[in-house]
Amino acid sequence: MDGIDGLMLLLAGGLGLLVGVWATLAFRWSERSQHGAPTPPVPALDDGLVRTLAVLRSAAVVLDDSDNVVRASAPAHALGIVRDGRVAPAAIRDLIALVRRDGVIRDEVLEVPRGPVGPGVLMVQVRVAQVSADHLVVLAEDLTQARRLEAIRRDFVVNVSHELKTPVGALALLAETVQDAADDPEAVRRFAGRMQAEATRLSALVHEIIELSRLQVAGALGQVGLVDVDTVLSEAVDRARTTAEAKRVRLDIGGVRGTRVLGQHDLLVTAVRNLLDNAVAYSGEASHVGVGVRTDGDLVEIAVVDEGIGITAAEQERVFERFYRVDPARSRDTGGTGLGLSIVKHVAADHGGEVTVWSQPGRGSTFTLRLPRAEEEPASTVRELPLTETEGAHVRRSAS
């Protein structure tokens with residue numbers, strides 16, 4: 001009897017062990033099944049849609065039904081449309097929500113932040129459309145530069161209209177005055193002289209407006225070639241000499257000789273001539289204006305130095321703007337148009353260079369035109385001419 005009881009206990013223990021093992025295995029299998037369950041596959045994008053998005057220049061973003069980014073082009077990241085796998089600008093997210101709600105395609109011009117911090121903004125034209133049950137497409141085109149150019153053109157037209165109104169109005173008034181003074185020969189001669197001065201100013205203004213408009217067109221340089229800097233300076237000084245002699249301003253050329261740049265001769269003469277005219281206009285009677293040339297590595301620097309009234313630091317940032325004048329009263333007296341330095345800036349940019357200014361009120365100004373050298377000149381053809389003490393000091397300051 002005792003043997004039977006022992007056998008039953010042994011069988012019960014074995015059965016309990018088997019049940020425990022089975023329960024453990026079942027738990028492990030269930031847990032593994034739960035963790036290893038495959039996630040629902042993301043619906044694949046249509047091949048035609050992928051190929052279409054690949055050829056678009058606009059920033060393109062494809063979103064799934066949870067507004068996660070499935071695909072985004074490089075411009076979308078560059079413009080900051082996509083950050084951390086989501087559409088970043090709130091204005092675009094609001095547009096997406098509207099399309100999610102009613103399925104209607106939305107196309108709007110939005111102002112979005114240029115980056116996560118700072119005040120910079122971009123103007124983008126955004127188009128949002130539902131392309132499938134699971135996917136939505138966002139297309140964004142950067143209009144910032146186009147809008148800026150549009151604003152510049154609009155301001156240019158306004159400025160031109162204002163600037164032309166003054167000499168035209170003066171001519172009309174003077175003509176009426178001459179008519180009323182027909183019996184006074186002395187008055188007629190005096191008013192006729194003023195009419196001639198206004199007509200000359202109007203002609204110069206129209207010419208420079210046309211010149212500036214042509215320079216602002218892409219590819220305005222046209223045919224380029226090797227240009228001898230010595231010839232450019234000689235011609236520019238010769239053209240500016242009449243105006244300078246009227247004020248007894250002495251013009252000198254100094255510095256390195258024998259340098260050449262790649263560009264258009266006439267445009268470079270115009271640029272240097274404008275710098276000289278500007279220097280003469282803002283210089284006093286019997287003063288001195290010098291043109292110094294030096295090389296700095298692969299650059300040729302043409303510095304026009306004057307002993308004039310100088311320019312304040314605040315005005316130096318604006319002197320290259322169209323129609324901006326440091327001294328409007330002096331510009332009216334000299335017939336200045338306010339376009340000369342703007343033309344210089346565009347000529348320099350078209351030649352792959354730049355124009356800078358150093359100035360202090362009462363100590364004169366130095367405008368430096370920096371252009372790429374065309375080629376390395378042999379040592380035997382390069383010759384230094386001495387600069388005056390004033391020129392040397394100004395050129396050293398402008399270089400520093």
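Predicted model only: the values in this text are computed from it and were never measured.
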V178 vs M195, side-chain contact (heavy atoms from CB on, under 4.5 Å): CA-CA, chis, key distance, verdict: CA-CA 10 Å; V178 168; M195 289 177 66; 3.9 Å; yes
Worked check of side-chain contact (heavy atoms from CB on, under 4.5 Å) between L268 and H351: CA-CA 9 Å; L268 291 174; H351 284 77; 3.7 Å; yes
side-chain contact (heavy atoms from CB on, under 4.5 Å) between V62 and V69, intermediate numbers included: CA-CA 6 Å; V62 181; V69 175; over 6 Å; no
Stepwise side-chain contact (heavy atoms from CB on, under 4.5 Å) test for L262 and L226: CA-CA 5 Å; L262 192 65; L226 287 175; 4.2 Å; yes
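At least one side-chain heavy atom of L122 sits under 4.5 Å from a side-chain heavy atom of L79. Contact check for L341 versus N278: side-chain heavy atoms found under the 4.5 Å cut-off. Looking at D306 and Y282, their side chains never come closer than 4.5 Å, going by heavy atoms from C-beta outward. Counting only heavy atoms from C-beta outward, the side chains of V87 and L63 approach each other to under 4.5 Å. Considering only heavy atoms from C-beta on, V305 stays 4.5 Å or farther from V289 through its side chain. In this structure the side chain of N274 never reaches within 4.5 angstrom of the side chain of F367, judged on heavy atoms. For the pair V291 and D252, the minimum side-chain heavy-atom distance is 4.5 Å or more. Within the 4.5 Å cutoff, side-chain heavy atoms of V300 are placed close to those of V293.
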Donor-acceptor contacts, no H, no angles, side chain residues 181-188, under 3.5 Å, sequence neighbours left out:
{"unit_1": "D184", "atom_1": "OD1", "unit_2": "E186", "atom_2": "N", "d": "3.3"}
{"unit_1": "D184", "atom_1": "OD1", "unit_2": "A187", "atom_2": "N", "d": "3.4"}
{"unit_1": "E186", "atom_1": "OE1", "unit_2": "R189", "atom_2": "NH2", "d": "2.9"}

Side-chain atoms of residues 232-239: list all donor-acceptor pairs with protein atoms under 3.5 Å, sequence neighbours left out, distances to 0.1 Å.
{"unit_1": "S234", "atom_1": "OG", "unit_2": "D230", "atom_2": "O", "d": "3.0"}
{"unit_1": "E235", "atom_1": "OE1", "unit_2": "H265", "atom_2": "NE2", "d": "2.8"}
{"unit_1": "E235", "atom_1": "OE2", "unit_2": "R239", "atom_2": "NH2", "d": "2.7"}

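Under a 3.5 Å cut-off, the side chain of E108 and the backbone N or O of L110 do not form any donor-acceptor pair. Looking at S365, its side chain never comes within 3.5 Å of a backbone N or O of S359 through a donor-acceptor pair. H135 places no side-chain N or O within donor-acceptor distance of the main-chain N or O of V131, the cut-off being under 3.5 Å.
Smallest separation of non-hydrogen atoms from I105 and A129: CG1-CB, 3.8 Å. The two atoms that bring A271 and V344 nearest to each other are O-CG2, 3.4 Å, heavy atoms only. Contact record, T312 with P361: CG2-CG, 3.9 Å, taken as the closest heavy-atom pair. Heavy-atom minimum distance, L136 versus V138: CD2-CG2, 3.8 Å. What you find for A60 and A76 is that their closest heavy atoms are O-CB, 4.0 Å. Here the closest heavy-atom approach between residue L171 and residue A199 is recorded as CD2-N, 4.0 Å.
Judged as a side chain to side chain contact (heavy atoms under 4.5 Å, CB included), and not counting sequence neighbours, the contacts of D102 are V104, R106. Take R93 and apply the salt bridge (Lys or Arg N to Asp or Glu O under 4.0 Å) test, not counting sequence neighbours, and it matches no residue. For D142, there are no salt bridge (Lys or Arg N to Asp or Glu O under 4.0 Å) partners two or more places apart in sequence or in a different chain. Applying the side chain to side chain donor-acceptor pair (under 3.5 Å) test to R100 and every residue at least two apart in sequence or in another chain returns D67. R86 meets the salt bridge (Lys or Arg N to Asp or Glu O under 4.0 Å) test with no other residue; sequence neighbours excluded. Evaluation of the side chain to side chain contact (heavy atoms under 4.5 Å, CB included) rule for S287 yields V249, S283, E307 as partners, not counting sequence neighbours. Applying the side chain to side chain donor-acceptor pair (under 3.5 Å) criterion to Q125, with sequence neighbours excluded, gives D107. Qualifying side chain to side chain contact (heavy atoms under 4.5 Å, CB included) partners for A88, counting only residues two or more places apart in sequence or in other chains: R83. For E176, the side chain to side chain contact (heavy atoms under 4.5 Å, CB included) partners are D180, not counting sequence neighbours.
In this structure, CZ on R363 lies 4.5 Å from CH2 on W358, to the nearest 0.5 angstrom. Considering CD1 of I311 and OG1 of T366, their distance stands at 10.0 Å, rounded to 0.5 Å. Here OG1 of T259 is found 7.0 Å from CZ of R373. Values are rounded to the nearest 0.5 Å. For the atom pair CZ (F320) and CD1 (I343), the distance works out to 13.0 Å, reported to the nearest 0.5 Å. I96 contributes atom CD1, which lies 10.5 Å from atom CD of Q130 (distance to the nearest 0.5 angstrom). Of the inter-residue distances, the one linking L276 atom CG with L251 atom CG reads 6.5 Å to the nearest 0.5 angstrom.
When hydrophobic clusters are built by joining Ile, Leu, Val, Met, Phe, Trp and Tyr residues whose side-chain heavy atoms come closer than 4.5 Å, directly or via intermediates, L299 is not grouped with I302.
If you chain together ILVMFWY residues whose side-chain heavy atoms come under 4.5 Å of each other, V109 ends up grouped with M123, L143.
The pair E285-K247 does not meet the salt-bridge criterion, since no charged nitrogen lies less than 4.0 angstrom from a carboxylate oxygen.
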